[in-house]
Amino acid sequence: MKYNPHALEDKWQKFWEQNHSFQCREESSRPKYYCLEMFPYPSGKIHMGHVRNYAIADVVAHFKRMQGFNVLHPIGWDAFGLPAENAAIQHGTHPAKWTYDNIDHMRSQLKRLGFSYDWSREIATCDPEYYRWEQLFFLKFHERGLLFRKQAPQNWCPRCNTVLANEQVVEGLCWRCDAVVEQKELTQWFLRITDYAQELLDDLEKLEGGWPERVIAMQRNWMGKSVGAEIRFGIERSDKFLPVFTTRQDTVFGATFMSIAPAHPLLDEITAGTGREAEVAEFAARIRKSDPKEPDGEAQEKEGVFTGRHCINPFSGERMPIWVANFVLSGYGTGAVMGVPAHDQRDFEFAKKYSLPIRVVVQPAHLAPLDPVLMTQAETEAGLMVNSGEFSGLHSEEGKVRIADFLEAEGLGKRSVNWRLRDWNVSRQRYWGTPIPMVYCEKCGVVPEKEENLPIRLPRDLAVHPDGRSPLPESPAFYECPCPKCGGKARRETDTFDTFVESSWYFARYTDPVNAEAPFDKEKIAYWMPVDQYIGGVEHAILHLLYARFFIKALRDSGFIPKLSGMDEPFANLLTQGMVLKSGSKMSKSKGNTVDPSEMIDKYGADTVRLFCLFAAPPERDFDWADSGIEGAYRFINRIWRLALELAGKVPAIDACAASPADAASPKARALRQKEHATVKKAGEDISGRFQFNTAIASVMELVNLMYLVKDELLADEGGKRVLGSSLFTAITLLFPFTPHICEELRELLGSPLPLTERVWPVYSEKALGAEKITIVLQVNGKLRGKIEMPADEDEEIVKRAALDDPHVQKHIQGLDVRKVVYVRDKLINVVAG
RNA sequence: GCGAGAGUGGCGGAACUGGUAGACGCACCGGACUUAGAAUCCGGCGGCUUGUCCGUGGGGGUUCAACUCCCCCCUCUCGCACCA
């Protein structure tokens with residue numbers, strides 16, 4: 001009988017569906033395990049990256065089930081978003097139709113791959129039954145001041161016709177379409193993620209060990225905490241102050257000029273009456289418009305103009321000219337920087353260019369006395385404070401503390417912490433998203449929608465403008481509404497939420513996906529959360545993972561999620577899988593180097609596609625798709641198929657690891673039994689400990705290879721048949737998480753009634769692992785000189801004697817004194833001679 | 001510049017807390033079967049000067065023993081970056 005993957009895969013997929021094999025609910029008798037992959041965006045069809053991601057997760061889910069865990073393994077759709085709109089415009093259809101059609105198609109693709117999802121928990125974020133809870137969260141967030149409106153310059157993508165969060169601007173370009181992002185003054189809704197900055201930073205420690213080091217580093221980096229001080233500089237002929245943020249308050253005596261951002265709010269006031277208004281305004285306007293980055297990502301040359309006014313250094317009493325400079329960011333710190341050329345490289349370059357004074361105030365102990373005239377770059381190291389009045393002589397680290405004390409005592413400033421992290425702009429001027437449940441009333445102002453009016457449904461009968469503009473602001477049927485407070489005529493918010501909002505809590509909804517009374521039951525969420533293993537691409541290292549971490553904390557503090565230990569972080573363990581490449585570069589439609597999973601399934605079947613994705617490389621690493629590689633996986637599947645067919649009926653249908661030592665009478669039977677148990681050990685360790693699926697599969701291949709070599713001899717007697725039957729069953733059981741369909745088919749074919757979905761992971765016996773004969777490696781002075789066979793666990797003296805008598809060893813120690821003999825039990829002898 | 005990671009056969013990759021470098025697979029070569037091929041089964045497959053010699057990016061070091069630990073350097077990938 002030839003291996004026909006399609007018929008048998010179809011058969012077992014139906015079987016699992018009819019038997020609800022992967023549905024789960026809360027149980028107290030077994031430990032829970034929540035295995036989750038990042039849910040897909042319904043873009044059209046599944047690509048190889050999805051297959052790899054979900055194949056990895058499916059191994060984990062199956063393995064944990066076999067280990068006795070109550071496993072939650074759900075799937076759903078990240079269904080709102082801009083690409084659906086763009087595609088719908090292109091195809092002359094509606095985003096909703098486009099999205100739901102894609103979901104139908106992709107669902108059928110996932111089902112063909114036979115993943116062990118609990119399909120009864122499937123969700124789509126564009127479903128009002130999903131996003132209504134999100135609207136409820138935001139009412140609560142608004143009540144608590146976590147959601148607020150702010151007018152500020154925003155990142156604006158002219159091509160997508162919408163604002164972007166800071167996280168969505170990559171090197172000045174839109175993360176989606178690569179258009180140059182502009183700054184536009186807008187009033188938008190924000191989530192106060194900065195309120196959680198410290199907790200988000202601190203809790204990264206809880207994730208150490210469970211998350212990849214580099215993802216933790218990226219988040220830490222992104223949040224960018226800086227500890228320093230704010231210092232107020234008085235402006236000459238004015239009662240105003242210029243506050244600056246610095247991490248180097250110890251260098252304040254070296255501040256010889258002041259630089260402010262072109263967009264600084266006090267710029268006009270500072271320049272007024274100096275006669276330099278025109279020049280400064282022109283410069284500021286030019287810089288504000290330009291992209292801060294050169295096309296190659298390099299920083300632009302430092303540039304600035306003098307405003308004509310001075311401020312006073314409160315420490316040195318010196319007059320400091322105030323400059324507008326292109327390198328000062330308006331959005332970080334106070335938008336003003338004290339210029340300390342001797343100890344800051346940017347200030348140094350600026351001072352050199354415009355001949356501003358350079359004063360050394362910190363002298364590192366190991367360097368020759370610094371001379372401003374001779375310096376070619378700033379000296380940023382710590383050292384002894386000099387030219388710093390009463391602070392001279394202190395170490396600069398202590399100086400930081402003393403200066404900060406002084407600032408606070410004299411009212412000149414205060415200790416201060418700055419974050420790179422900005423509040424999260426969640427407003428999007430697009431149609432295909434969750435309506436923001438807010439209303440504008442002429443009398444009452446901004447009024448949150450009433451809870452009982454939720455969900456605010458996104459109308460499905462509107463068409464998106466060809467340029468991507470939202471139809472909502474032109475749809476009275478949507479925006480006209482009574483004021484929730486006074487009942488008068490009011491206008492509904494027509495912006496929608498950033499789609500990252502939906503993906504920030506979907507994993508919580510999976511715990512109770514059809515609840516119509518609440519976003520989720522508190523007991524259910526307490527049972528299932530946190531996600532034990534989260535699996536997805538590293539491209540979400542900052543955006544999604546940071547937002548989701550924030551969201552779960554915000555939900556906790558808003559009373560939606562119980563305050564329990566273990567509920568502060570959504571994802572206890574994170575695996576970032578590598579990309580699937582083709583000919584060395586990322587598969588993409590534009591490059592024309594894609595491999596369609598459906599075509600591969602048509603050709604080889606789902607088991608082969610899954611097996612190859614798992615065998616080609618360890619999960620975290622990128623791998624290059626090779627057509628010859630998948631042929632190899634197919635060959636192996638056929639190999640075990642033929643072996644099982646040959647042995648079916650000839651060997652007993654006994655369980656994995658069921659053959660006894662008595663069955664293994666012959667040396668080959670003993671060798672096979674030992675290999676069988678060793679494979680159980682190796683595969684289990686590789687899967688559970690390190691997600692080394694490639695080596696787990698390799699070990700089963702070795703077992704199968706050995707069975708081929710010994711089967712004819714073992715079929716000669718009953719004991720040998722039992723060892724063969726047991727080993728075959730072990731191979732099938734161990735492969736089940738990787739290639740479930742063929743394994744169930746073979747299990748049935750061998751006459752074993754209990755489905756593999758209900759079986760446990762085999763247990764090996766320590767005793768069975770030991771080989772009788774051991775190869776001892778013989779070394780002389782660390783070099784391999786020979787090998788001898790010895791019974792396992794032989795007496796040390798006997799092994800040493802045998803080693804020294806070995807002719808190869810003899811040859812190499814001739815005429816030398818044997819100084820030492822190192823013995824590693826059952827492994828090697830190293831004779832040290834000289 | 002800061003942070004993270006990686007350099008091992010023709011290729012993907014093994015080698016767990018230092019102990020036979022190259023498991024397993026791909027490609028290639030040979031044998032068996034076959035009229036022939038495909039498929040399958042069995043075997044070979046780092047290099048050369050064929051020595052139990054040399055080999056894990058390069059150079060030092062620790063050790064009886066180093067892909068593995070320490071120091072220095074080189075190359076590559078990814079993330080962040082005028083953040084005061």
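- Cation-pi geometry between A:Arg359 and A:Phe253 is not met: the NZ or CZ atom fails to fall both under 6.0 Å from the ring centre and inside 45° of the normal.
- Comparing B:A4, B:C64, B:G25 by their closest approach to the side chain of A:Glu213 singles out B:A4.
- The gap from the P atom of B:A36 to that of B:G31 amounts to 13 Å, rounded to the nearest Å.
- Nucleotide B:G13 holds its C1' atom 8 Å from the CZ atom of A:Phe615, rounded to whole Å.
- Distance from the side chain of A:Thr695 is smallest to B:A23 among B:A84, B:A23, B:C64.
- The side chain of A:Lys682 contributes no N or O atom lying less than 4.0 Å from OP1 or OP2 of B:C16.
- For the OP1/OP2 pair of B:G19 and a distance below 4.0 Å, the side-chain nitrogens and oxygens of A:Arg825 include no atom meeting the criterion.
- For A:Glu702, the listed nucleotide lying nearest its side chain is B:A23; candidates were B:A27, B:C82, B:A23.
- Evaluated for a ring-ring contact (aromatic ring centres under 6.0 Å, His included) with A:Phe257, the options A:Trp323, A:Tyr354, A:Phe350 yield exactly one hit, A:Phe350.
- No donor-acceptor pair closer than 3.5 Å links the side chain of A:Arg248 to the backbone N or O of A:Val340.
- When distances are taken from the side chain of A:Gln692 to each of B:A14, B:C54, B:A84, the shortest belongs to B:A14.
- Rounded to whole Å, the P atom of B:G7 lies 13 Å from the corresponding atom of B:G58.
- Within the 4.0 angstrom heavy-atom criterion, only backbone atoms of the sugar-phosphate kind lie near A:Leu709; the bases stay farther away.
- Nearest nucleotide to the side chain of A:Tyr708, out of B:G13, B:C42, B:A84: B:C42.
- Residue A:Pro212 is classed as having no contact, given no heavy-atom separation below 4.0 Å to the nucleic acid.
- For A:Lys783, the NZ atom sits in a loose shell: 12 or fewer heavy atoms of surrounding residues, nucleotides or ligands are nearer than 6.0 Å.
- Contact between the side-chain N/O atoms of A:Asn705 and the OP1/OP2 oxygens of B:G25 is found at a separation under 4.0 Å.
- At the phosphate of B:C41, OP1 or OP2 sits under 4.0 Å from a side-chain N or O atom of A:Arg639.
- Counting any heavy atom pair closer than 4.0 Å across all strands shown, A:Ala626 reaches no nucleic acid atom.
- Remark: the separation of the P atoms in B:A23 and B:C74 is 34 Å, to the nearest Å.
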Just do the side-chain contact (heavy atoms from CB on, under 4.5 Å) check on A:Met1 and A:Trp641 with the steps written out, would you? CA-CA 9 Å; A:Met1 189 167 50; A:Trp641 174 263; 4.1 Å; yes

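- The gap from the P atom of B:G19 to that of B:A66 amounts to 11 Å, rounded to the nearest Å.
- Of the candidates B:C64, B:G19, B:A23, B:A23 carries the atom nearest the A:Ala698 side chain, counting heavy atoms from C-beta on.
- The same atom, P, is picked in B:G61 and in B:G3; the two are 29 Å apart, to the nearest Å.
- Between A:Ser699 and the phosphate of B:A23, there is no side-chain N or O to OP1/OP2 separation shorter than 4.0 Å.
- Distance noted for atom C1' between B:C80 and B:C73: 25 Å (whole Å).
- Taking 4.0 angstrom as the limit, A:Arg635 places none of its side-chain polar atoms (N or O) nearer than this to OP1 or OP2 of B:C24.
- When both distances must be under 3.5 Å, the Watson-Crick or G-U wobble mate of B:G37 does not exist.
- Remark: the A:Asn221 side chain and the B:C80 base include no donor-acceptor N/O pair separated by less than 3.5 Å.
- Of the candidates A:Phe615, A:Tyr604, A:Phe612, A:Tyr604 is the only one forming a ring-ring contact (aromatic ring centres under 6.0 Å, His included) with A:Tyr634.
- Taking atom P in both B:A38 and B:G57, one finds a spacing of 39 Å when rounded to whole Å.
- With B:G12, B:G79, B:G3 as the candidates, the nucleotide lying closest to the side chain of A:Ile542 is B:G79.
- Residue A:Arg214 places its side chain closer to B:C78 than to any other of B:C78, B:U52, B:U20.
- No engagement by A:Arg819 is indicated, since no non-hydrogen atom pair under 4.0 Å with the nucleic acid exists.
- In this structure, B:G61 shows a glycosidic angle more than 90 degrees from zero, which is the anti conformation.
- Comparing B:G25, B:A84, B:C64 against the side chain of A:Ser226 picks out B:A84 as the nearest.
- Taking atom P on both nucleotides, B:U62 is separated from B:U20 by 22 Å, rounded to a whole Å.
- With B:A84, B:U20, B:A23 as the candidates, the nucleotide lying closest to the side chain of A:Thr246 is B:A84.
- Of the side-chain N and O atoms in A:Arg220, none sit less than 4.0 angstrom from OP1 or OP2 of B:A4.
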